[in-house]
Number of protein chains: 2
Amino acid sequence: MADLLKALGEFNRLSLVYELCECAKPRNAMCLCDCCSVDSSVASRHLKVLAQEGVVRIERKGRERMYSLNRAEVAARLRALADQIEG
Amino acid sequence: MADLLKALGEFNRLSLVYELCECAKPRNAMCLCDCCSVDSSVASRHLKVLAQEGVVRIERKGRERMYSLNRAEVAARLRALADQIEG
DNA sequence: GACTTATTTGTGCAAATGTGCAACTATTGG
DNA sequence: CCAATAGTTGCACATTTGCACAAATAAGTC
């Protein structure tokens with residue numbers, strides 16, 4: 001759980017998540033890269049971290065990689081923590 | 001929000017939160033220090049971070065400081081994020 | 001195959017972070 | 001006042017982290 005929170009607890013990574021929140025369809029890395037003003041290599045690494053924690057899902061589409069949010073799963077994990085904390 | 005997640009996204013800090021989850025009554029720092037096996041100074045710093053993010057509340061009791069979890073507030077913030085992510 | 005585009009990876013660096021120890025500051029109790 | 005206890009802070013150190021740039025990989029297009 002700490003790893004998930006750490007993944008979400010970085011400003012640019014959370015920005016990527018918020019950006020994906022607004023997208024009904026998967027987005028490629030170049031598009032996502034624009035929302036946080038960092039190099040594409042940096043966005044790539046951030047997205048990799050998010051993928052490792054199951055926050056985003058990657059779908060290969062030719063030479064592009066389309067990212068989308070694992071909405072239900074992430075929401076469920078956050079709610080589980082909230083429930084545990086509320087006791 | 002990123003700051004809250006960052007505060008929770010560190011192993012020992014999350015351990016402190018879990019420990020406080022189990023406590024019906026406020027606990028002092030020495031007691032909490034035992035749950036994660038670190039120096040008392042480290043626990044002090046972690047608790048300070050958690051307090052700054054509103055995760056825990058401090059109550060002075062003589063020479064001790066009693067910590068308790070802001071259960072409702074933290075749970076609400078996590079659920080708000082979950083709602084936003086689920087869209 | 002050569003070229004273009006999208007993305008990842010290697011590298012180096014500066015800043016942030018977690019840690020333990022020792023010294024310091026309360027605050028209580030004798 | 002003095003000793004003991006609880007907690008904080010300064011310091012040094014090791015590790016991690018985020019970043020940019022350049023090079024490498026991958027895949028479509030001509």
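All chains are named by letter (A, B, ...) in the order of the sequence lines, taking the proteins before the strands, and each is independently numbered beginning at 1.
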Between dT8(D) (P) and I58(B) (CD1): distance, integer Å: 7 Å

D34(A) CG to dA6(C) C1': how many Å, rounded? 13 Å

Given atom CD of E64(A) and atom C1' of dT29(D), what is their separation to the nearest angstrom? 14 Å

Touch class at under 4.0 angstrom, heavy-atom based, for F11(B) against every strand present: nothing

Which ILVMFWY residues can you reach from V38(A) by hopping between side chains whose heavy atoms are under 4.5 Å apart? V42(A)

Output, in order, the C-alpha distance, side-chain angles, deciding distance and verdict of side-chain contact (heavy atoms from CB on, under 4.5 Å) for V55(A) and L8(A). CA-CA 9 Å; V55(A) 177; L8(A) 294 174; 4.1 Å; yes

Rounded to 10°, the angle between the first-five-pair and last-five-pair axes of the helix from dG1(C)-dC30(D) to dG30(C)-dC1(D) is 20°

Can you list the residues that meet the side chain to side chain contact (heavy atoms under 4.5 Å, CB included) rule with C31(B), with sequence neighbours excluded? R27(B), N28(B)

Using a cut-off of strictly less than 4.0 Å between a heavy atom of the residue and any atom of DNA chain C, enumerate the qualifying residues of residues 19-32 of chain A by number. N28(A), A29(A), M30(A)

Would the distance check show the side chain of E10(A) and the main-chain N or O of N12(A) forming a donor-acceptor pair, the cut-off being under 3.5 Å? yes

For K25(B), side chain to side chain contact (heavy atoms under 4.5 Å, CB included) partners two or more places apart: none

Starting from C1' on dT8(C), measure out to CD on Q52(A) and report it in whole angstrom. 13 Å

Would L14(A) and M1(B) count as a side-chain contact (heavy atoms from CB on, under 4.5 Å) if you check the C-alpha gap in whole Å, the side-chain angles of each, and the deciding distance to 0.1 Å? CA-CA 9 Å; L14(A) 192 58; M1(B) 175 58 84; 4.0 Å; yes

Are the side chain of S15(B) and the backbone of F11(B) linked by a donor-acceptor contact shorter than 3.5 Å? yes

Length of the line joining L47(B):CG and dT9(D):C1', which is rounded to integer Å: 15 Å

Contact pattern, 5' to 3', of nucleotides 17-30 of chain C - B, S or - by protein heavy atom under 4.0 Å: -SBBB-----BB--

Side chain R57(A), main chain S68(A), donor-acceptor under 3.5 Å: no

Examine distances only and state if a side-chain atom of R71(A) and a backbone atom of A82(B) form a donor-acceptor pair shorter than 3.5 Å. no

Would E86(A) and R79(A) pass as an ion pair if we require N to O under 4.0 Å? no

